[in-house]
Amino acid sequence: MRNPSAMASSTVPEPASFDPFGEPVTAALARECPSSSTDRTARRIGGLVFWSLALLILAGRIYTSDIPVTQTVMSAVTQIASLR
C-alpha cells in the first residue's frame, strides 16, 4: 500500500511555458496569467471581425475597380496560352 504523504511530497515537473514570441516563461508567471475561456472567445470574435472586414474591403475593391474581372481573367488566360 502506498503512503499518501510520500506522494504529496513528490514533485512533478511542470511543462515549460512560452510567451507568444517563443521565449521561456517562469512557472510562477505562467500560473499568474491563466488562459480562460472568455479570453479564447474574445480572441475568436476578434479574428472573425478582422477577417470579415478584410474580405469586405477586398470585395469592395474588386467591385469598384476600373477593369472588369472578366477582362483580367481573360488576359491571364491568353498569356498562359501564349506560353505554350
Side-chain angles (χ1 to χ4, degrees):
M1 186 172 201
R2 293 184 176 177
N3 184 0
S5 62
M7 291 182 68
S9 65
S10 67
T11 58
V12 176
E14 295 181 16
S17 298
F18 298 94
D19 68 357
F21 301 105
E23 297 292 324
V25 177
T26 61
L29 183 62
R31 279 183 298 229
E32 286 181 19
C33 303
S35 177
S36 65
S37 62
T38 55
D39 290 340
R40 284 179 282 193
T41 303
R43 205 173 300 132
R44 286 181 181 162
I45 290 172
L48 179 68
V49 168
F50 172 79
W51 287 112
S52 297
L53 287 173
L55 290 174
L56 181 66
I57 291 169
L58 178 65
R61 288 187 66 170
I62 291 171
Y63 180 75
T64 60
S65 67
D66 292 337
I67 302 172
V69 176
T70 55
Q71 288 180 355
T72 306
V73 171
M74 288 308 294
S75 67
V77 169
T78 55
Q79 287 179 354
I80 291 172
S82 67
L83 293 175
R84 290 183 176 191

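Keep in mind it's a predicted model, so treat the numbers as computed, not measured.
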>> Run the side-chain contact (heavy atoms from CB on, under 4.5 Å) test against Val73 and tell me which residues pass, sequence neighbours left out.
In response: Val69, Val77

> In Å and rounded to the nearest 0.5 Å, what is the CZ to CG distance from Phe50 to Leu55?
Replying inline: 9.5 Å

>> As an exercise, state the distance from CG of Leu53 to CG of Leu58, rounded to the nearest 0.5 Å.
In response: 12.5 Å

